[in-house]
Amino acid sequence: MREVARDLVGATFLVDGVGGVIVETEAYGPDDPASHSFRGPTRRNATMFGPPGGLYVYHSYGIHWCANVVCHEEGVGAAVLLRALEPTSGLRRMRVRRGLDDAPLLCSGPGRLTEALGITGEHDGLRLDRSPFELVPAGPHVDIVAGPRVGITRAGDLPWRYSLRGSIFVSRPRPRV
DNA sequence: GGTATGATTGACT
DNA sequence: GTCAATCATACCA
């Protein structure tokens, strides 16, 4: 799933026509203490064990939604967290949903991203290759920076955060350039 | 049934 | 830099 995480950087992701270019992702896999799938299937993470190419959405801190792309590693649940994107389409709707004007603040963080795109728990388990989603692969020349993942309490040393080098749209703890 | 915790964010010192 | 908000989920009894 680290490969998927890298491939997603630079891809264009839209929900109902609203979205942009993915600039930051994180990989969560099997044998990964920080992954929701680590302790086996539960009600929340069931989607992670479902078909690859689905969207895994969960509620975080009782406040935010976080969106992941499901992928499998040897049949075990794995996913890629979408952390940030560069807004390119539907800026107006994003600004209304976020209550902000500043473009770099619209989607620079997993909770912000889902709010701007209108992703909620109702999207959990849906397939990404169907409406309202659109996922356009990145071009061949994507300059990626790898670094430690953000906000986790276990396995914090694994460099499974990937971001677009130099992008101002990545989330707060800026990756080392 | 009860409690601890978190893949975050925004406000405040 | 520090800290509270806020609640679904997971885990334990």
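Note that the coordinates shown come from a computational prediction; the quantities given were computed from them, not determined experimentally. Each chain gets a letter, A, B and so on, in the order its sequence line appears, and its residues count up from 1. Computed from heavy atoms alone, side chains included, the values below leave out hydrogens, waters and symmetry copies.
- As rounded to whole Å, 10 Å separates atom P of dT9(C) from atom OH of Y56(A).
- If you take CH2 of W65(A) and C1' of dT6(C), they are 13 Å apart, rounded to a whole angstrom.
- Phosphate contact (OP1/OP2 of dC11(C), side-chain N/O of R39(A), threshold under 4.0 Å): present.
- If you check every strand for non-hydrogen atoms under 4.0 Å, R98(A) touches sugar and phosphate atoms only.
- The base-pairing partner of dA7(B), taking Watson-Crick or G-U wobble contacts with both distances under 3.5 Å, does not exist among the strands shown.
- Residue contacts shown for I63(A) include a base, since a base heavy atom lies under 4.0 Å away.
- Among dC11(C), dG10(B), dT8(B), the nucleotide with an atom closest to any side-chain atom of C66(A) is dT8(B).
- Between dG6(B) and R154(A), no contact under 4.0 Å exists linking OP1 or OP2 to a side-chain N or O.
- Spacing between atom CD of E24(A) and atom C1' of dT8(B) amounts to 13 Å, rounded to whole angstrom units.
- Rounding to whole angstrom units, NE2 of residue H64(A) and C1' of dT8(B) are separated by 4 Å.
- Between dA10(C) and T42(A), a contact under 4.0 Å exists linking OP1 or OP2 to a side-chain N or O.
- Among the heavy atoms of the strands, none lies under 4.0 Å from R149(A).
- Scanning all heavy atoms of the two residues, the minimum distance from D32(A) to G29(A) falls at CB-O, 2.8 Å.
- Two rings, from Y28(A) and H36(A), have their centers 6.0 Å or more apart.
- Dashed line: the shortest gap from a side-chain N or O of T153(A) to OP1 or OP2 of dG6(B) is under 4.0 Å.
- The side chain of R44(A) sits closest to dT9(C) out of dG10(B), dT9(C), dA7(B).
- Residue V69(A) is tested with L82(A), L81(A), D7(A) for a side-chain contact (heavy atoms from CB on, under 4.5 Å); the sole match is L82(A).
- For the residue pair E134(A)/T12(A), the side-chain donor-acceptor check at 3.5 Å is not satisfied.
- Put simply, CZ on F38(A) is 16 Å from P on dA10(C), counting in whole angstrom units.
- Here the straight-line distance linking atom OG1 of T114(A) with atom CG of L55(A) works out to 10.0 Å at 0.5 Å rounding.
- A straight line from CZ of R161(A) to P of dT8(B) spans 10 Å, rounded to a whole angstrom.
- Centre separation under 5.5 Å together with a plane angle under 30° holds for the ring of Y61(A) and the six-membered base ring of dG6(B), marking them as stacked.
- Across the protein-nucleic acid pair, M48(A) atom CE and dA10(C) atom P stand 12 Å apart, rounded to whole Å.
- For dG10(B), the OP1/OP2 oxygens have a side-chain nitrogen or oxygen of R112(A) closer than 4.0 Å.
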- prompt: Yes or no on side-chain hydrogen bond (donor to acceptor under 3.5 Å, both in side chains) for N45(A) and S37(A), after CA distance, side-chain angles and deciding distance?
  reply: CA-CA 6 Å; N45(A) 67 22; S37(A) 64; over 6 Å; no
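- Figure legend. dT6(C) is base-paired to no nucleotide; pairs are counted as Watson-Crick or G-U wobble with both atom distances under 3.5 Å.
- Within 4.0 Å of H59(A), counting heavy atoms only, lie sugar-phosphate atoms of the nucleic acid but no base atom.
- dT9(B) atom P lies 12 Å from atom CG of L100(A), rounded to whole Å.
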